[in-house]
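Only one structure is covered here, and it is reproduced in the block below.
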Protein chains: 2
Amino acid sequence: MDLKLYDLAGAKDDCRFSPPCWQVKMALKHKGLDAQEIPWRFTEKEAIAFSGQGKVPVLVDGDNTIVDSWEIVRYLETAYADHPSLFGGQASESGALFMKFWCVQTITPIILRIILLDLFQHLHEKDKAYFRESREKFLGMTLEEFATPDDATITALRTALSPLREVLKRQPYLGGDSPYFADYIVFAPFQWARAVSPIQLLAKDDLIYAWRERLLDAFDGYARNSFGYST
Amino acid sequence: MDLKLYDLAGAKDDCRFSPPCWQVKMALKHKGLDAQEIPWRFTEKEAIAFSGQGKVPVLVDGDNTIVDSWEIVRYLETAYADHPSLFGGQASESGALFMKFWCVQTITPIILRIILLDLFQHLHEKDKAYFRESREKFLGMTLEEFATPDDATITALRTALSPLREVLKRQPYLGGDSPYFADYIVFAPFQWARAVSPIQLLAKDDLIYAWRERLLDAFDGYARNSFGYST
């Protein structure tokens with residue numbers, strides 16, 4: 001196998017929660033590609049020093065090393081152009097780019113408030129001090145002050161997801177009849193939550209729940225078979 | 001000329017502010033089509049009764065009558081398939097659909113708070129009672145209570161537009177090197193504001209301001225030449 005993906009892991013090797021890594025993993029499956037998924041922890045900077053930076057995902061494809069989830073996916077689209085397209089054209093690639101920022105700025109912060117304490121519990125012991133220090137500096141408060149895993153935050157999440165729900169009233173995926181990369185972008189933070197938290201983010205009668213079920217089942221249940229809570 | 005578009009107008013015939021109508025008008029220009037733009041007021045229900053409903057835009061193309069901005073644009077894409085595409089494929093059509101709901105649920109309500117009182121002043125006298133009654137019922141408060149044309153609301157708008165700004169850091173249009181229908185979707189509420197309000201929504205050094213300028217200039221200045229305030 002030529003493809004290697006450095007993938008964030010928790011205390012357990014099979015607890016894989018990083019949303020950008022999930023974006024890339026679903027994109028690889030969409031392309032029909034298998035990669036060796038190498039567990040990596042926040043503090044293992046030396047293990048990916050060859051990439052010139054300190055974050056995952058890092059994709060190694062033979063002699064090529066690519067970092068940043070968006071750049072990795074663009075690389076896959078070009079390098080494997082004869083495999084199923086993740087975008088289908090420049091305008092839909094742009095639509096996915098918008099979705100990426102919508103997700104990061106609107107959805108991810110709310111899910112973080114819900115799952116943060118569960119996420120912290122699942123980290124490898126050697127990562128906990130690094131995680132607490134870096135995140136508390138970024139957030140400007142303690143993890144415990146930021147976390148609000150309550151009904152109000154879950155309601156806020158369901159409200160914020162409303163534009164996605166409207167699209168899913170009309171079609172099964174953001175991509176139409178089949179998923180494209182924008183689907184994986186929004187699916188990724190749900191996998192982040194699923195890997196570490198038993199809290200139910202979506203009502204079972206929500207169209208977004210059914211959409212997530214379909215993506216859990218995609219590629220022979222690739223995402224469903226990953227370590228996680230059944231929510 | 002075969003195409004007719006019923007287009008919402010204010011007290012002055014050339015004050016055209018409806019965002020869904022602006023979406024359709026920019027889509028028509030993108031397709032290289034000219035339509036007769038017929039001014040219409042909220043209370044002129046009988047004038048569009050032939051369409052089976054009471055809202056604009058209504059497009060008449062020979063024997064075809066199409067209502068709802070999204071359906072009109074889908075019609076144009078199909079009926080004028082040999083003209084420049086508004087989408088470029090199903091995935092990017094889906095991206096535009098998401099953008100439509102993001103815009104309606106996130107951007108439009110904030111702009112409404114900023115421009116509502118200016119908008120009301122620009123309505124035709126015969127529409128004012130209808131507008132006040134229907135909107136106050138919908139909003140659950142008076143127009144004056146809902147409107148907050150202050151710095152805090154403008155700041156909230158600029159923050160809410162952040163995912164768009166991130167895309168425009170990387171490319172000149174949502175569509176990439178050239179606009180597609182999603183660009184017109186987000187442009188439309190700016191035309192709504194421009195037609196009725198002198199309030200400056202965007203800072204001049206904002207990438208979104210420059211993007212709006214490009215769209216004002218598109219199609220020989222079609223949107224810039226429309227009645228409106230220079231903001």
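Letters A, B, ... are given to chains in the order of the sequence lines, protein chains preceding strands, and every chain is numbered from 1.
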Any residue meeting side chain to side chain donor-acceptor pair (under 3.5 Å) with A/T153, in chain and number order, not counting sequence neighbours
A/T148, A/D150
A/F87 portion near chain B, given a 4.5 angstrom heavy-atom threshold:
backbone
Name all residues meeting the salt bridge (charged side-chain N to carboxylate O under 4.0 Å, His left out) criterion together with A/R113; count only those two or more places apart in sequence or in a different chain, and write none if there are none.
none
Identify the two heavy atoms, one from B/G176 and one from A/S94, that lie closest to each other, and give their separation to 0.1 Å.
N-OG, 3.6 Å
From the list B/A182, B/S85, B/G175, the residue making the most non-hydrogen contacts under 4.5 Å with chain A is B/G175
Above 12 or not: heavy atoms from other molecules or residues under 6.0 Å from CD of B/E144?
yes
Neighbour count above 12 (heavy atom, 6.0 Å) for A/D151 CG
no
Would you say B/F50 has more than 12 foreign heavy atoms packed within less than 6.0 Å of its CZ?
yes
More than 12 heavy atoms of other residues, nucleotides or ligands under 6.0 Å from CG of A/D82: yes or no?
yes
So if I take each residue of residues 154-174 of chain A and look for any heavy atom under 4.5 Å from a heavy atom in chain B, which residues do I end up with?
A/S162, A/P163, A/L164, A/E166, A/V167, A/R170, A/Q171, A/L174
Enumerate by number any residue of residues 95-105 of chain A whose heavy atoms lie under 4.5 Å from heavy atoms of chain B; in the absence of such residues, state 'none'.
A/G95, A/L97, A/F98, A/M99, A/F101, A/W102, A/Q105
How many angstroms lie between atom OG of B/S92 and atom CD of A/E93, to the nearest 0.5 angstrom?
11.5 Å
Verify the neighbour count for atom NZ of B/K29: are there more than 12 heavy atoms of other residues, nucleotides or ligands below 6.0 Å?
yes
